[in-house]
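Order of appearance sets the numbers: ligands from 1, and atoms from 1 within every ligand. What you see below is based on every heavy atom in this structure, not just the backbone, and it leaves out hydrogens, waters and symmetry mates. The first residue in the sequence is number 1, and the count goes up from there.
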Amino acid sequence: MQELLERKKGLHRKVLIVDDEFIEREMLKNMLGDLYEVSLAENGAKALEMMKTDRSLSLIILDLHMPEMNGYELLEIIRADAELRRIPVIVLTAEKEAEVKSLQLGAADFITKPYDVPDIIRARVSRAIEFAEDSIIIHETQRDVLTGLFNKEFFFEYGKRLDEQNHNMPMDAIVLDINRFHIVNELYGREYGDIVLKSIGDSIHEIVRRTGGLACRSGSNSFGIYMPHNEDLSNELESYTASLEDMVGDKNISVRIGVYLDDGNAADMEYRFDCARLACQKLRNSYNTCFDFYDAALHNKELHAEKLINDMDRALAEKQFKVYFQPKYDVTGDTPRLTSAEALVRWVHPEFGMVSPGEFISIFENNGLIHKLDRYVWNEAASQVKQWKDEYGRVIPVSVNVSRVDIFDPQLGETISDIAKKNGLEAKDLLLEITESAYTDNAQQIIDMVSSLRNRGFKIEMDDFGCGYSSLNMLTSLPIDALKLDMKFVRNIEKNPKDLRLVEIMIDIARLLEVPVIAEGVETAGQMGLLKKAGCDIIQGYYFSRPVPADEFRRLIEA
Ligand code: C2E
Ligand code: CA
Ligand code: CA
């Protein structure tokens, strides 16, 4: 009996107490108030009004003798109403004969006055609600035959009804799928598959019995659990998954569990399950039992990434991508001299405004779209160099970023050569920046590719140097033309002598390799001074200029 009470604790069902005597109403309310949401009416007419406006009552406790409309009359009305008939009624009475009559009129049970001990009353109430809920379900064939859990439609219908009744109750949603269940069916037969489903169904019954939640079988190998929020769910699931093998009796069966934890946002039940399902789907392809929690921030990030991917083709066609140029200055002489520029792409997105490459480059690298974007940028950069060449009679070489993904394209050399040629440029007019970590990821392939690019006359700058953990040994065999120090070493050289020392060491390495050193991310005169003193050859950074559109760049050429 305690269990039944426990179960009802989870979701607060609504109970309506109808009695004309104030003291009686209050006594019952005291007994039931912690377990149920109790409302009160002092006669049958009032009660009927309340029942008609609030269709989410789980139980009515009805005194038979009242003014206005007595209990029998109300029972008759309830019995005649298809909707109200579902609500179980417990009759309050002191007379034996009344019991029979009220049962005939459809009452579910009765409580005799004077009242029993509160525990017994609570147990009767709880049982009546449970019977009624179960019989609705059986009546409407709302259960999954195999597991005895609710089916999906009823689960949502019922869950939403309970949510309405318990509108501030925080609820967690859980989706549990059996991994590779079709294989289980194929290998061991449907009958065995059914046994597995049933034992998992049983384990879920057991969970909701403890938590006071609801559960359903939502698909052939899929279950849903809706339960009052549990701060400790992670531990619960930990022990559930640990005991799964024992419960199912087969160590080859594993499940994945996605969870939406209530976050106080009053999301509706379907939304919670959509989120839990997403968390579950991410665990696909796992061979072990595991669970994960829905992460709204992560999900929004993924949606944003998805949107950027979808918008990309159109953006290319509509020239939403803008190439900016940031100057690089040779600082080996007395006055800095503009030697080249780096092309940096920006996306002027119709919805999000200016989007920085930090936001989309890695997304496009993950799905190969970077090929298209980089080709576009290289073309834009090359045509700009040509334009300046025609205008100023002088070539300002531009370095373009070559993504680590581009390296795998055997046509890369051909493509860049074509772009240079098409724009009337020589290979040396385009510098290629390749990040150091690309070298360490796939050393031989990149060495081959870079060698062939150099054979075509292109100059290669190793970008973000100091981050990729190249070994000294490897560095000496790399075909490169310049080292570009990673910004993070430059950032603190004024404050941190160790960082300055690191920069000096990297400059020594460049000397050893006999290539010039470029420092980027240089923002202050102080940084500039230290780098120059340390022997840095070329400086790029806000100290000279931010990346700017081609038009603005003219001022720097003309200066
Ligand atoms: P990166 O190649 O290391 O480019 C340098 C980044 O530092 C640029 O960021 C630049 O705007 C920024 N920067 C320049 N000077 C300063 C400074 O003084 N202080 C600070 N705090 N930052 C400075 P941006 O433009 O946001 O580009 C980020 C990264 O995106 C680039 O890092 C590059 O890896 C990638 N990227 C940009 N354009 C392209 C492209 O067309 N293709 C590919 N594959 N990658 C690109
Ligand atoms: Ca770069
Ligand atoms: Ca860099």
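- When you scan the N, O or S atoms of Glu342 for the one nearest the Ca ion (ligand 2), you land on OE2.
- Side-chain contact of Asn492 with Lys498: a donor-acceptor pair under 3.5 Å is absent, judged by distance alone.
- Within 4.0 Å of ligand 1, contacts by protein heavy atoms are made from Gln326, Glu342, Leu344, Val345, Arg346, Pro357, Ile361, Ile370, Asp374, Val377, Asn401, Ser403, Asp463, Asp464, Met487, Glu520, Gly521, Val522, Glu523, Gly541, Tyr542, Pro547.
- Each of Tyr226, Phe155, Phe223, Tyr158 was checked for a ring pair (Phe, Tyr, Trp, His ring centres under 6.0 Å) with Phe150, and the lone residue meeting it is Tyr158.
- The main-chain N or O of Ser218 is never found under 3.5 Å from a side-chain atom of Ser222 such that the two would form a donor-acceptor pair.
- Within the 3.5 Å criterion, the main-chain N or O of Ser403 finds a donor-acceptor partner in the side chain of Asp406.
- Listed by chain and number, Asp463 OD1, Asp464 OD1, Glu520 OE2 are the protein N/O/S atoms closer than 3.0 Å to the Ca ion (ligand 3), with waters left out.
- The side-chain hydrogen bond (donor to acceptor under 3.5 Å, both in side chains) search around Ser399 returns Lys328, Glu433, not counting sequence neighbours.
- Here Tyr188 pairs with Tyr192 under the ring-ring contact (aromatic ring centres under 6.0 Å, His included) rule; sequence neighbours left out.
- Partner of Phe544 under the ring pair (Phe, Tyr, Trp, His ring centres under 6.0 Å) criterion, chosen from Phe325, Tyr329, Phe553: Tyr329.
- The local environment of CZ in Arg554 is crowded, with over 12 non-hydrogen atoms from other residues, nucleotides or ligands closer than 6.0 Å.
- Ring geometry for Phe291 against Phe293 counts as perpendicular: the plane angle is over 60°, on a 0 to 90° scale with 30° as the lower cut.
- In this structure, a donor-acceptor pair under 3.5 Å is present between the side chains of Arg404 and Ser437.
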